[in-house]
Engineer: 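The structure's right below; bear with me while I get my questions together.
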Amino acid sequence: MKLREKRQSGIVSKVYGYMAGFVVILLILLWLFQVVLLDGFYTVIKKGSIKSTAQTIIQNIKSENVEELLERISHMDNLCIRIVNEDLETVYSEETMPNCTIHKMEPDRLAAIYEEAAANKGSTFELITRDEFYDKNWNKRFQGEGAPPMHREQKSMVYAKLVKMEDGSKMMILLNSQITPLTATVETLRAELVYITFIMLVLAMFIAIQISKKLSKPIVKINESAKELAKGNYNVTFEGSGYREIAELNNTLNYAATELSKVEALRRELIANISHDLRTPLTMITGYAEVMRDLPGENTPENIQIIIDEAQRLSTLVSDILDISKLQSGTQSLNISRFSLTDSIQKILLRYNKLMEQGGYQILFRPDQDAWIEADEVKMSQVLYNLINNAINYTGGDKKIILSQTVENGWVKLEIKDTGEGIEQDLLPLIWDRYYKVDKKHRQAMVGTGLGLSIVKSVLELHHADYGVESTLGEGSNFWFALPLSEE
Ligand code: ADP
């Protein structure tokens, strides 16, 4: 329980950390744009609008009702307009503001603006501060008493634009508007920002808690199921949806649980099978040994042979079990070398000579060329022994086994065919499993351990070989594997 609480608070603080970071960045941006850069933005926007007004005037300067237009513009945009000719004589004039600069401008100043505009591609901006406004060089009329009041931080923006008329003469359009100080607005925004900060942080906390709850709830649920699984309850199901990642985690864990339960079932089956397989020959050995001890006449070579055979079966079983557990635990590494598969098969077949002579078995192998491969020779011979032994054990009455080697497209394919009863199609995938024997009912009577093909499969898979089996009931089976050829 304690652990769970701790993890949950971990998520809350993490999410809150990110949320708070986000809020801080947002507030910094707000502060930057609304407080620091507001004045600059305001001036830029004002400049833009005054420029476009000048453009409208230029387009309509020739029209008949230009005066009407100027009046309308000046009232709507709260602008003063003055248009002068080259001799700086006023042609049109609209005066709407009491503290307009352009109408009361000294002629010297007007001439200076004209020159400045002419030098500056036909237009110029002037921002006149309060001090300049009351300066005698700007206008004599506003000195001393009776001057219209101007706020300390108020500025007057003058835009001058030269226009070339069709008859070659020039005119200068002067527009004047007031830049009102934004101090009050900025202060309001600053105060607002304090409240916004507070509200946002509280909101972030609230959202963080909600998100964390949503995130951690399914995790807690999964954790409980995982604890069950750890205790060995493989039937546990992982539930708890909410979002895709959790659903995927659930799927993975459910899959892991079924796989674990399979492993568990296999382990139980393995122990049952091994003990069964060990007990059968042991019972035989003790039985025969007891008979031979108690009944003198039974001390025959045949009975001793049975004991030897059973003891051999035991040792094969034990070494098979050792092999398979080594192979499947992944501790077995391959000892790769380059050797001739053909030679290797021929050497193995030499050992079957006696069997062929005495048992009447016929093993055919007529390769047309040597096939060299890179593989673990000892393990590959284990594969061959297992496949050949199976073929001998299950082949038909004609006791015939055919080995064929084909080389194609850089691969060598080896087939081991018998003429036995074959295997049913739906059992084919199962025979590679550990301890699988087709005739489960009559296990004792059968020679095999059920491990042979499982060893074959493990070794071939370690070599990344292709392998398989084809079988027709009544006709026989064909076990095959293919490996890439090794080039010199
Ligand atoms: P076993 O030691 O019983 O032969 P294997 O793993 O080698 O174990 O084989 C598993 C089962 O596959 C065998 O019990 C047998 O029923 C079947 N099998 C294997 N090889 C052949 C074959 N050549 N023909 C028919 N059945 C076969």
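Note that ligands are numbered from 1 as they come in the structure, with each ligand's atoms numbered from 1 the same way. Quick caveat: nothing in here was measured; it's all calculated off a predicted structure.
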Engineer: When you check the side-chain N and O atoms of Q382 and N386, is any donor under 3.5 Å from an acceptor?
Structural biologist: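 Their side chains do not contain a donor-acceptor pair, so the 3.5 Å distance test is not met.
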Engineer: So is W432 touching ligand 1 or not, going by heavy atoms under 4.0 Å?
Structural biologist: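 No; W432 lies far enough from ligand 1 that no heavy-atom distance drops under 4.0 Å.
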Engineer: Does L453 reach ligand 1 with a nitrogen or oxygen that is under 3.5 Å from one of the ligand's nitrogen or oxygen atoms?
Structural biologist: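 For ligand 1, there is an N or O atom that lies under 3.5 Å from one belonging to L453.
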Engineer: Is there a heavy atom in D418 that sits closer than 4.0 Å to ligand 1?
Structural biologist: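 Yes; D418 lies near enough to ligand 1 that a heavy-atom distance drops under 4.0 Å.
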Engineer: Does any N or O in the side chain of N223 come within less than 3.5 Å of the main-chain N or O of I219, such that one atom is a donor and the other an acceptor?
Structural biologist: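 It does not hold such a pair.
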Engineer: If the contact criterion is a heavy-atom separation under 4.0 Å, does S477 count as touching ligand 1?
Structural biologist: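 Yes.
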Engineer: I'd like to know whether NZ of K46 has more than 12 heavy-atom contacts from other residues, nucleotides or ligands below 6.0 angstrom.
Structural biologist: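 Correct, the count exceeds 12.
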Engineer: Are I211 and F206 side-chain neighbours, meaning at least one heavy-atom pair lies under 4.5 Å?
Structural biologist: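 Heavy-atom side-chain distance check fails, nothing below 4.5 Å.
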Engineer: Are any non-hydrogen side-chain atoms of V158 and F125 less than 4.5 angstrom apart?
Structural biologist: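 The answer is no; the side chains never approach within 4.5 Å.
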Engineer: Enumerate the atoms of ligand 1 whose separation from the nearest heavy atom of I431 is less than 4.0 angstrom.
Structural biologist: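 With I431 as reference, the close atoms of ligand 1 come out as 10 (C), 12 (O).
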Engineer: With nothing but distance in play, are any N or O atoms of N390 less than 3.5 Å from an N or O of ligand 1?
Structural biologist: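 Between N390 and ligand 1, an N or O pair is found under 3.5 Å apart.
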Engineer: State, without any angle test, whether T342 and Q369 hold a side-chain donor-acceptor pair at a distance under 3.5 Å.
Structural biologist: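 Judged by distance alone, the side chains do not pair up.
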Engineer: G452 heavy atoms, cut-off 4.0 Å: which ligand 1 atoms fall inside?
Structural biologist: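 Near G452, the atoms of ligand 1 are 5 (P), 6 (O), 7 (O).
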